[in-house]
Number of protein chains: 2
Amino acid sequence: MRLVIARCSVDYAGRLTAHLPSAPRLILVKADGSVSIHADDRAYKPLNWMSPPCTLKEGDDDVWTVVNKAGEKLIITMEEVLHDSSHELGVDPGLIKDGVEAHLQELLADRIETLGDGWTLIRREYPTAIGPVDILCRDGDGTTVAVEIKRRGEIDGVEQLTRYLELLNRDPHLAPVKGIFAAQEIKPQARVLATDRSIGCVVLDYDALRGIEDDKLRLF
Amino acid sequence: MRLVIARCSVDYAGRLTAHLPSAPRLILVKADGSVSIHADDRAYKPLNWMSPPCTLKEGDDDVWTVVNKAGEKLIITMEEVLHDSSHELGVDPGLIKDGVEAHLQELLADRIETLGDGWTLIRREYPTAIGPVDILCRDGDGTTVAVEIKRRGEIDGVEQLTRYLELLNRDPHLAPVKGIFAAQEIKPQARVLATDRSIGCVVLDYDALRGIEDDKLRLF
DNA sequence: ACATCTATCTCGGCA
DNA sequence: TGCCGAGGTAGATGT
């Protein structure tokens, strides 16, 4: 990783055109060839960047040009270099996450009877023309149920599930299909909309689901 | 801006919990108090971060703790500092952009006849109870048309336009109101949904619209 | 403060 | 490869 502090101006021409007037900034050149330009505020988003794969060419005239395959260009005009150092970091072992939607889906699919006695899984990520349904299952009566899972349940999620239900109910092999909106937290507006559309709401307890899963594993 | 290269492990506890095992990384501490941790790849997204406003406390035991108002925590355990330098950058003048959705809307409103002969603009940002319609206009037959503009046309945009159409069609002064979904790029699923709802799809050519605009300006 | 919407979104997954 | 959905989305804008 190369760290350069320099007064520079920057031009980006790609998905949009953008310009940064001359000012002192941090320029990061990483081992994968990517380049990013940071001001002295904001943790997350660089002022300007070029994602890998891309190539950096340092011209004789203190103009750096970064290009990628799509023809996007980042042109950095160096006016005064204040710091320039390089460091070997090696490959990062990466982030270990916990508590995201994919995990909730796994946990609930593995313990679908949490939703009611006699419920059985048809499949996770059930494919439709407008995208996959998180979980398709059957309730105790054998009625098909589409489950939409969110970490935070908002109106968008109810709309999404409504579209799936409309589509699934056109399939005579599946119809009638009921809907369940499952989330760790359900916003009041989302609950009202779901209820109005006869969609059931279930608040998921992540720790409890994981506990159940742990108990299951302990049996083996 | 402070640049620290260090072997460290990191724990985040907040909206989720995440852990970074020990490895050499870049730690950026910016003038606004924000902190970000970068591996030697990827231009855009840090491995971990804390957005401002937040406060960093460097403990005696080489443990740095960053907290924000919401109680989220970032804990950096420093194991070996390989580089540590600070630099005064000042406030950045900021990015000047061109070619975003607002601009597309201006361009299309100024050249509404792109959509068809005899089309006329009623107004941009036509206000409704559920938000402004990007463009309201009339087609060659005098029928009212609501236009939703996106840079990239996806399902959400079609849903949004559908809600507007439903509302506008309740107004006897306007009804019947047709819908046009206009974007630089329209995803297949969005097109399917739009077509199913009798909403027209138009792919906008930004450069062509700008070219027309340039031609217009040249007349004056 | 909160809600809504955009983004050079980035990123991962799956067809 | 393209398409789709999630994100600690972040960041901007309007109420």
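In what follows, chains carry the letters A, B, and so on, assigned in the order in which the sequence lines appear, proteins first and then strands, with residues in each chain numbered from 1. Only a predicted model underlies this, so the values are computations on that prediction, with no experimental measurement involved.
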Distance-only criterion, 3.5 Å: show the donor-acceptor pairs between side-chain atoms of residues 44-58 of chain A and protein atoms not counting sequence neighbours.
unit_1  : atom_1 : unit_2 : atom_2 : d
A:Glu58 : OE2    : A:Arg2 : NH1    : 2.8

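- Closest approach to the B:Lys187 side chain among D:dC4, D:dG8, C:dT8 is made by D:dC4 (side chain taken as heavy atoms from C-beta onward).
- One atom, CD of A:Glu72, and another, P of C:dT8, lie 11 Å apart when rounded to the nearest Å.
- In this entry the distance linking CG of A:Asp92 with P of C:dC11 reads 14 Å, nearest Å.
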B/S/- contact track for nucleotides 9-15 of chain D, protein heavy atom under 4.0 Å: SSSS---

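- Between the P atom of D:dG7 and the CD atom of A:Gln105 lies a distance of 11 Å, rounded to the nearest Å.
- B:Asp134 places its CG atom 11 Å from the P atom of C:dC5, with the value rounded to the nearest Å.
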Distance-only check: which donor-acceptor pairs under 3.5 Å involve side-chain atoms of residues 23-32 of chain B, not counting sequence neighbours?
unit_1  : atom_1 : unit_2  : atom_2 : d
B:Arg25 : NE     : A:Asp92 : OD2    : 2.6
B:Arg25 : NH1    : B:Cys8  : O      : 2.9
B:Arg25 : NH1    : B:Pro21 : O      : 3.0
B:Arg25 : NH2    : A:Asp92 : OD1    : 3.1
B:Arg25 : NH2    : A:Asp92 : OD2    : 3.3
B:Arg25 : NH2    : B:Pro21 : O      : 2.8
B:Lys30 : NZ     : A:His38 : ND1    : 2.9
B:Lys30 : NZ     : A:Ala39 : O      : 3.2
B:Lys30 : NZ     : A:Asp41 : O      : 3.2
B:Lys30 : NZ     : A:Arg42 : O      : 2.8
B:Asp32 : OD1    : B:Ser34 : N      : 3.0
B:Asp32 : OD1    : B:Ser34 : OG     : 2.7
B:Asp32 : OD2    : A:Arg42 : N      : 2.8

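- With distances taken from any side-chain atom of A:Leu16 to the nucleotides D:dA6, C:dT8, D:dG8, the minimum falls on C:dT8.
- Heavy-atom distances to DNA chain D give each of B:Leu47 and B:Glu154 a nearest nucleotide, and the one nearer the 5′ end belongs to B:Glu154.
- Rounded to whole angstrom, the span from the OH atom of B:Tyr164 across to the P atom of C:dT4 amounts to 11 Å.
- For the atom pair CG (A:Leu204) and CG (A:Leu115), the distance works out to 7.5 Å, reported to the nearest 0.5 Å.
- Atom name P, nucleotides C:dT4 and C:dT8: the rounded distance is 22 Å, in whole Å.
- Listed by first and then second residue, the side chain to side chain donor-acceptor pair (under 3.5 Å) pairs that reach into residues 192-201 of chain A are A:Glu159-A:Arg197, A:Thr162-A:Arg197, sequence neighbours excluded.
- Look at NZ on A:Lys97: it is 8 Å from P on C:dG12, rounded to the nearest Å.
- Looking at heavy-atom distances under 4.0 Å, B:Leu95 makes contact with a base.
- Scanning both residues, B:Ile112 and B:Leu121, for their nearest heavy atoms gives CG2-N, 3.8 Å.
- In this structure, NZ of B:Lys150 is placed 14 Å from P of C:dT8, rounded to the nearest angstrom.
- Look at the C1' atom in both C:dT6 and C:dT10: the space between them is 14 Å, to the nearest Å.
- For DNA chain D, each stem of at least three Watson-Crick or G-U pairs (distances under 3.5 Å) is given as range with range: C:1-7 with D:9-15, C:9-15 with D:1-7.
- A:Asp40 places a side-chain N or O within donor-acceptor distance of the main-chain N or O of B:Met1, the cut-off being under 3.5 Å.
- A distance-only check finds a donor-acceptor pair linking the side chain of A:Asn169 to the backbone of A:Val177 [under 3.5 Å].
- Every residue meeting the salt bridge (Lys or Arg N to Asp or Glu O under 4.0 Å) condition with A:Asp139, not counting sequence neighbours, appears here in chain and number order: A:Lys178.
- As rounded to the nearest Å, D:dG8 and C:dC5 have P atoms that lie 22 Å from one another.
- Side-chain N or O atoms of B:Asp62 include none that pairs as donor or acceptor with a backbone N or O of B:Met78 at under 3.5 Å.
- Exactly one of B:Glu154, B:Arg152, B:Lys150 qualifies for a side-chain contact (heavy atoms from CB on, under 4.5 Å) with B:Glu185. That residue is B:Arg152.
- As a whole-Å value, the separation of A:Glu106 CD from D:dA6 C1' is 15 Å.
- The 5' end of DNA chain C is approached more closely, in terms of each residue's nearest nucleotide, by A:Leu74 than by the other of A:Leu74 and A:Glu125.
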